[in-house]
Amino acid sequence: MATKRIGILTSGGDCAGLNAALRAVVHRAIRNYGWRVFGIRDGSMGLMERPLDFVEFDLSLVTGDMLRLGGTILGTINKGDPFHYPMPDGTFRDRSSEFVEGYRELGIEALVVIGGDGSMRILNQLCRQGGIPMVGIPKTIDNDVAQTDYAIGFSTALDVAGEAIDRLAPTAASHHRVMILEVMGRDVGHIAINAGVAGGADVILIPELPYTLEGIANKIDDVRAEGRNHALMVVAEGCRTETGESITKVQSGGEARYGGIGQYLGARLADLVDAETRVTVLGHVQRGGVPSMRDRVIASAFGVHAVDLISSGRLGRVVAWQHGQVVDVPITDVANITRAVDPFGTLAQTARGLGIYIGEMPA
Ligand code: F6P
């Protein structure tokens with residue numbers, strides 16, 4: 001009987017722990033099942049290039065050093081949807097059939113996709129079109145993939161944001177300042193609320209909850225009344241201004257990204273609270289670096305389980321972390337669904353219980 005061949009790719013923004021997941025997939029597939037594993041470069045691009053752009057893994061390529069390595073050795077892209085592929089002349093083309101043909105040319109029988117909710121939607125659509133068996137592994141620092149408590153990369157990003165608050169606190173105290181830390185997270189506030197609680201912030205703003213400038217100013221007044229002359233504030237990049245506008249910038253490559261709400265609030269608050277404000281934008285630092293131990297463990301468990309799903313013919317599923325266990329759910333329960341911070345969940349209630357201003361109660 002011919003040896004089974006599977007493919008694996010990383011898609012969307014990179015994060016810490018992707019290489020640990022690749023390593024786990026390769027180990028499980030080769031050691032346990034004797035399969036061949038092909039790593040597809042640059043997300044879906046590797047199957048659209050001619051010649052195809054891939055590497056065949058063997059165990060010598062996936063040593064323990066992969067656990068310690070940030071980014072993805074396969075490369076990734078977070079634009080270039082094959083159904084709506086941006087061409088150099090500014091037009092868009094449907095290149096989905098090139099992806100499917102590439103899959104056939106490589107001669108693989110299933111695809112492991114490591115991606116966020118957006119990548120899951122696109123890859124699921126591609127795989128359905130081409131009759132390609134697929135399993136998914138969730139990753140994103142934003143931690144907004146539905147059905148899973150943790151996506152690969154979140155834990156490391158949280159550690160980075162928490163360390164930033166630890167570093168800002170003493171300088172805030174020394175200069176009697178209001179220090180504002182803007183963190184990533186796209187449309188959700190998981191990094192902000194977790195880092196803010198862990199770092200002892202006085203104010204945490206997340207896109208899921210409305211706030212008022214007055215509410216922030218009142219909290220800073222309370223802090224002063226308690227005898228402290230400095231304050232720490234964490235704001236998620238996806239928060240809007242108090243009048244509802246989101247702050248974005250068009251980046252090179254032509255796509256808009258969040259960024260700037262921290263500066264905006266810093267300027268508004270400086271007058272309102274009569275204090276010096278300083279703003280730190282953490283940016284892509286949260287995506288890089290050495291993966292946390294938790295990300296390595298989650299990525300390893302996800303990788304092993306994903307291969308077992310293929311082996312048992314349970315396809316069209318995504319692995320997930322629920323209540324300390326790895327489970328799997330249908331991809332349709334995950335694709336393009338955003339898991340927001342629950343305004344009445346444990347984290348929000350904990351923050352309120354600690355006296356942190358996290359905005360107004362939703363209507
Ligand atoms: O989705 C991950 C993420 O890092 C978001 O938190 C952030 O808004 C976005 O990607 C940044 O994208 P890019 O790397 O294209 O600037």
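One-based numbering, in listed order, for ligands and for the atoms of each.
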Q: Would you give the length of the straight line joining atom OH of Tyr103 to atom CG of Leu52, rounded to the nearest 0.5 angstrom?
A: 13.0 Å
Q) Thinking salt bridges, do Glu49 and Arg41 make one under a 4.0 Å N-O criterion? A) no
Q.
Please determine whether a side-chain nitrogen of the Lys or Arg among Arg224 and Asp221 lies less than 4.0 Å from a carboxylate oxygen of the Asp or Glu.
A. yes
Q. Between Arg186 and Asp144, is there a side-chain N and carboxylate O pair less than 4.0 Å apart?
A. no
(Q) Taking the basic N atoms (NZ, or NE/NH1/NH2) and the acidic carboxylate oxygens, is any pair closer than 4.0 Å for Glu56 and Arg5? (A) no
Q: Using side-chain contact (heavy atoms from CB on, under 4.5 Å) as the criterion, point out the one residue from Val25, Ile108, Ile310, Val26 that pairs with Trp35.
A: Ile310
Return a table of N or O atom pairs, ligand 1 on one side and protein on the other, at distances under 3.5 Å, rounded to 0.1 Å.
{"residue": "ligand 1", "atom": "1 (O)", "partner": "Asp142", "partner atom": "OD2", "Å": "2.7"}
{"residue": "ligand 1", "atom": "1 (O)", "partner": "Arg186", "partner atom": "NE", "Å": "3.3"}
{"residue": "ligand 1", "atom": "1 (O)", "partner": "Arg186", "partner atom": "NH2", "Å": "3.1"}
{"residue": "ligand 1", "atom": "4 (O)", "partner": "Arg287", "partner atom": "NH1", "Å": "2.7"}
{"residue": "ligand 1", "atom": "6 (O)", "partner": "Asp142", "partner atom": "OD1", "Å": "2.7"}
{"residue": "ligand 1", "atom": "6 (O)", "partner": "Gly185", "partner atom": "N", "Å": "3.2"}
{"residue": "ligand 1", "atom": "6 (O)", "partner": "Glu237", "partner atom": "OE2", "Å": "3.4"}
{"residue": "ligand 1", "atom": "8 (O)", "partner": "Glu237", "partner atom": "OE2", "Å": "2.5"}
{"residue": "ligand 1", "atom": "10 (O)", "partner": "Arg186", "partner atom": "NH2", "Å": "3.1"}
{"residue": "ligand 1", "atom": "10 (O)", "partner": "Arg287", "partner atom": "NH1", "Å": "3.2"}
{"residue": "ligand 1", "atom": "12 (O)", "partner": "Arg257", "partner atom": "NE", "Å": "3.0"}
{"residue": "ligand 1", "atom": "14 (O)", "partner": "His284", "partner atom": "NE2", "Å": "2.9"}
{"residue": "ligand 1", "atom": "14 (O)", "partner": "Arg287", "partner atom": "NH1", "Å": "3.0"}
{"residue": "ligand 1", "atom": "14 (O)", "partner": "Arg287", "partner atom": "NH2", "Å": "3.0"}
{"residue": "ligand 1", "atom": "15 (O)", "partner": "Asn78", "partner atom": "ND2", "Å": "2.9"}
{"residue": "ligand 1", "atom": "15 (O)", "partner": "Arg257", "partner atom": "NE", "Å": "2.8"}
{"residue": "ligand 1", "atom": "15 (O)", "partner": "Arg257", "partner atom": "NH2", "Å": "3.2"}
{"residue": "ligand 1", "atom": "16 (O)", "partner": "His284", "partner atom": "NE2", "Å": "3.1"}

